[in-house]
6 protein chains.
Amino acid sequence: MKTRFLEQEIKYDGTQLAPHWIYRNFRIQGDAVAAFKGECEVKLAEMVDIEDVLNNEPIYSKSMLHFISEQFNTGLAEGVFRQRLLICIIKEALEKRGVAVQRRGDDLFVNSKKLTVSIATKSLTSVLIHTGINIDADGAPVAAAGLTSDLGINDIEALAKEIMICYSDEIDDIILATTKVNGLWK
Amino acid sequence: MKTRFLEQEIKYDGTQLAPHWIYRNFRIQGDAVAAFKGECEVKLAEMVDIEDVLNNEPIYSKSMLHFISEQFNTGLAEGVFRQRLLICIIKEALEKRGVAVQRRGDDLFVNSKKLTVSIATKSLTSVLIHTGINIDADGAPVAAAGLTSDLGINDIEALAKEIMICYSDEIDDIILATTKVNGLWK
Amino acid sequence: MKTRFLEQEIKYDGTQLAPHWIYRNFRIQGDAVAAFKGECEVKLAEMVDIEDVLNNEPIYSKSMLHFISEQFNTGLAEGVFRQRLLICIIKEALEKRGVAVQRRGDDLFVNSKKLTVSIATKSLTSVLIHTGINIDADGAPVAAAGLTSDLGINDIEALAKEIMICYSDEIDDIILATTKVNGLWK
Amino acid sequence: MKTRFLEQEIKYDGTQLAPHWIYRNFRIQGDAVAAFKGECEVKLAEMVDIEDVLNNEPIYSKSMLHFISEQFNTGLAEGVFRQRLLICIIKEALEKRGVAVQRRGDDLFVNSKKLTVSIATKSLTSVLIHTGINIDADGAPVAAAGLTSDLGINDIEALAKEIMICYSDEIDDIILATTKVNGLWK
Amino acid sequence: MKTRFLEQEIKYDGTQLAPHWIYRNFRIQGDAVAAFKGECEVKLAEMVDIEDVLNNEPIYSKSMLHFISEQFNTGLAEGVFRQRLLICIIKEALEKRGVAVQRRGDDLFVNSKKLTVSIATKSLTSVLIHTGINIDADGAPVAAAGLTSDLGINDIEALAKEIMICYSDEIDDIILATTKVNGLWK
Amino acid sequence: MKTRFLEQEIKYDGTQLAPHWIYRNFRIQGDAVAAFKGECEVKLAEMVDIEDVLNNEPIYSKSMLHFISEQFNTGLAEGVFRQRLLICIIKEALEKRGVAVQRRGDDLFVNSKKLTVSIATKSLTSVLIHTGINIDADGAPVAAAGLTSDLGINDIEALAKEIMICYSDEIDDIILATTKVNGLWK
């Protein structure tokens, strides 16, 4: 899986969660994860999470670290497992920085304050994942924590790169793990 | 997924990682995870991890908490993702008990000492996972930590049940997560 | 699979055969089958059956018992098998009420008169099935029979619930049947 | 799917439910269903149904009409749906001969007496199905009905051929049904 | 797989690469390959190959032999393998006519001049393939060869039919090849 | 896909076509293709091609260039497509050396003399392919051609390496081709 930290800030409004968005905009072809900083505002019309739409819960954050990943030739169920792994890896990267993090499904919390949003869905040829981590949690619609505003983490780019490399390495390792075991006859 | 803590101690020698072992022995049919305590000794002839066989690394532990899970109608790649999720959940259960744990792939470490062994493989109709957590690490062939011998955790059964329930719940939640998202057209 | 009989009458015009229609409208998430009574009028522009479009055969029935089922994480071929099973179960529910029914693929007939319409198709994340059973066959474009108008069946809601429970139970039973067999080596 | 009625009687002892049994013995390659008459005696060691093994229920019938089907490039879950369809088609063939039949999953009953046995399982490259219909139910270990002994059906070969042709035609029809529908975007 | 040579000329503009185009227009249902002659002009807005769009490379050819194939119940990766096989078979049909052809992926060349364009993509229920072979290469945007203009081949219809029959036969043969092998246990 | 030319001669007797043979013997893990020279003698008991067994056609060649490929996480049908691609690439490598080759399915011929044998089959976790090209065709049971004995090709190792690199590159290219296309909605 290719990784790329995008230097420019991009406001995430949901339209970035689209098939080939990484390829079209940054010429990175194939399985990839990209990260960037930016405001987050997803209106109901752009939300892929129907639960949030039904609950009338649009998403807003003043500043987030966003990850977009597109992974081809897999189904949605495996795609959600791949999303959960990304969440676990984010948690572990924060732990290395001394932050205690709680995970509930695809959400991360610090001191019961919500740190992340995440979704995984399907296109005709790929699975797409978005995960956003609050950088500045001021003005969030729920009790929220931010990497910089609450946890004192300022090396956002380094954090992003570390997470992407761990994630890419572990996906490779998982596929490799399927190639080293005897099947079981009985 | 059904869960069951087996009261009796069982020595794990690799033959428990077999299709329908849970069903045949405990009449629990379908996707399931079972846990039990017992010695662990897997000889090279019974190992499914070819890497360990090639490296001539048999497995031994005086006392372990073992998990065996069988999950049907899925492939091996997704099976390894399901294994990694179990490892993350074990790590989180230990964190709730105040233990700092490091994960490297499907291994857990405490203070650089190895806490677990794990493998996932395939039968004709299922994926099978074994994960063992050292209870007493004395005599292990590598630098190892044990739940009781090193971490002061004595409520092995409670820990096992909590892990199994979290795991079963999250697998259900992941499948449910595939049913609530709009697909992406473009 | 969840089941739900909808009390209100709904005119079926084809727009109900849509991903997450059950979830969006009735908050029932995941694999589900819902039933309701109502007129049936599907214009060519809304038909998913291209054969009917090519033959210029719109669908009309004054009053039908409709079933909509959405089932996730499966492909279209298995989806058509799941549709055929629903048709067989409807036939069996009518037999319990003393009605002799003939099945030809996904169509049911009583005395050579057409009792049902049905289709199965695919969305990005699910298989969707519609089956309608004539309640009142007056004015149908082909020789048709109706549950009430021809067969004297007035307990439409009880019939619908019985069919949905049998269907849900048998889908569960089929998945369970995959978990109890030895694979064959040779 | 190819169909073949085997003239010779064959005692079914479970070893016929094997990958490529039809191909090796009768040179019929690919998806196929074969039928033959013969005694049925499956000892516990040969049973693929672990439930029957656990319940210590070997299978015996003095004379049965047997169907063996092997279908390639499909999974076990779809294989069980394909088995259920075969059972429904057998039921319908008997109804054409004036026999009222009740189906419970993969079992058929006449007046609460068991008419059939059936199993579906998986090999490395195929799904395999066995279904046996009692011809002579004398001496069966449970309350059983037989085609000839109880239902007065003597045209066993004609019945077998009709069932195989209906089954083969419907499998073709189901695959064709996947090729005529518009997918659903929203 | 059904094959059909369409007598009328059709200008290929990309809209022919659509699910059920063969079925809707020519009443050929199921897996099929159709061929026709006609101009080729695919504007950027109609291109499915994002690489060509990013490189601003619209497709034009004054006259081409076009193949459209739709194949159901398979994924995109296998679809690309099916496309490559079609390309190999085209190469072999030209070799029988004495033309030396070089293949690079899904492109064919004669004396380093480009002979073909090709793409494979996915719809909700099928894989779709387009391959066009230049008949008259005059005015092509790159160095190109044409069947008639450069290679002296005038029997376009015979060539098309031969290619389609070889392709259809080999796809059948490949599926049959999956049904004649012992699986490997160890 | 990893590639490896094995310097030592190995007699191919069918036991090399086994899951993880490359990994166990040469420590090359994951998708791989290996080549070696050696006699070829496959007795009926070791043959995976049931057609050859039924026809009583054991395989013998005094000296062959052998390719063994193991590819994980794919099914047998796609595996046969992957085998056919290998055959096409071998044909193309010989054409570069001035040899005209005819392909019939998975067989190659030179002047109607058989040059190759090949088979593809399935293990629990992988697809396995063997292809052998005669080096010295003397004593073959059918009219056969050999690379050295008939075609004057002596650079067997160079040929093998070229074929393996082309094959590995094209498999990568095919997967990449699945990541660059718009899906088709209608």
Side-chain angles (χ1 to χ4, degrees), chain C residues 15 17-21 46-54 70 74-85 87-89 91-92 95-96 100-106 118-124 126-128 166 169-171 173-186, chain D residues 15 17-21 46-54 70 74-85 87-89 91-92 95-96 100-106 118-124 126-128 166 169-171 173-186:
Chain C
T15 60
L17 194 68
H20 309 107
W21 180 82
E46 295 294 336
M47 297 188 78
V48 299
D49 188 332
I50 300 170
E51 192 174 24
D52 288 348
V53 174
L54 293 177
E70 182 161 19
T74 187
L76 182 51
E78 189 173 310
V80 178
F81 279 99
R82 289 169 182 248
Q83 174 211 33
R84 299 292 162 107
L85 180 68
I87 300 297
C88 289
I89 284 172
K91 175 177 181 288
E92 292 163 1
E95 287 167 359
K96 283 186 202 161
V101 183
Q102 287 75 47
R103 185 178 69 87
R104 295 182 209 147
D106 60 3
S118 187
I119 196 73
T121 188
K122 186 86 188 71
S123 80
L124 263 171
S126 64
V127 161
L128 288 132
C166 285
D169 286 352
E170 186 154 1
I171 296 281
D173 181 60
I174 284 170
I175 299 306
L176 207 59
T178 66
T179 71
K180 66 162 191 176
V181 285
N182 288 318
L184 294 173
W185 327 117
K186 48 180 137 188
Chain D
T15 60
L17 194 68
H20 308 107
W21 180 80
E46 295 293 337
M47 297 189 79
V48 299
D49 189 332
I50 300 169
E51 193 175 24
D52 288 348
V53 175
L54 293 178
E70 183 162 18
T74 188
L76 182 52
E78 188 174 309
V80 179
F81 280 99
R82 289 170 182 247
Q83 174 210 35
R84 299 293 161 107
L85 180 68
I87 301 298
C88 289
I89 284 172
K91 175 176 181 289
E92 292 163 359
E95 287 166 359
K96 284 186 203 161
V101 183
Q102 287 75 46
R103 185 178 70 87
R104 295 182 210 146
D106 60 3
S118 187
I119 197 72
T121 188
K122 186 85 188 73
S123 80
L124 263 171
S126 64
V127 162
L128 287 131
C166 285
D169 285 352
E170 186 154 2
I171 296 281
D173 182 59
I174 284 170
I175 299 306
L176 208 57
T178 66
T179 70
K180 67 162 192 176
V181 285
N182 288 318
L184 294 173
W185 327 118
K186 48 179 133 192

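The model shown is predicted, which means the values in this text are computed figures rather than measured ones. Throughout, a chain's letter reflects where its sequence line sits, starting with A, and its residues are numbered from 1.
Contacts between C:L54 and chain D at a heavy-atom distance below 4.5 Å are absent for every atom of the residue. Contacts of C:R82 with chain D are made by both backbone and side-chain atoms, with heavy-atom separations under 4.5 Å. Only the side chain of C:L85 comes within less than 4.5 Å of a heavy atom of chain D; its backbone N, CA, C and O stay farther away. Using a 4.5 Å cut-off between heavy atoms, C:A120 touches chain D through its backbone atoms (N, CA, C, O) alone. Only the side chain of D:K91 comes within contact range of chain C, with heavy atoms under 4.5 Å apart. Of the two parts of D:K122, only the backbone, made up of N, CA, C and O, holds a non-hydrogen atom closer than 4.5 Å to a non-hydrogen atom of chain C. Within the 4.5 angstrom heavy-atom criterion, no atom of D:W21 approaches chain C.
Minimum interatomic distance between D:R84 and C:A177 (heavy atoms only, all atoms of both residues): NH2-CB, 4.0 Å. Minimum interatomic distance between C:C88 and D:E92 (heavy atoms only, all atoms of both residues): SG-OE2, 4.4 Å. Residue D:L184 comes nearest to C:V48 through the heavy atom pair CD2-CG1, 3.6 Å, listed as atom of the first residue, atom of the second, then distance. Across D:A77 and C:I175, no two heavy atoms sit closer than the pair CB-CD1, 4.5 Å.
Chain D forms the most heavy-atom pairs under 4.5 Å with one residue out of C:A18, C:G183, C:S123, C:P19, and that residue is C:P19. Contact count against chain C (heavy-atom pairs under 4.5 Å) is highest for D:I174 among D:I174, D:T178, D:V80. Across C:T15, C:L128, C:T121, the residue that shares the most heavy-atom pairs under 4.5 angstrom with chain D is C:T121. Ranked by heavy-atom pairs under 4.5 Å with chain D, the list C:M47, C:E78, C:Q83 is led by C:E78.
Comment: D:R103 does not engage C:E95 in a salt bridge, judged by the lack of any side-chain N to carboxylate O separation of less than 4.0 angstrom.
Between C:E51 atom CD and D:T179 atom OG1 the span is 9.0 Å, to the nearest 0.5 Å.
Inter-residue side-chain proximity for D:L76 and C:V181 is flagged as met; some heavy-atom pair is nearer than 4.5 Å.
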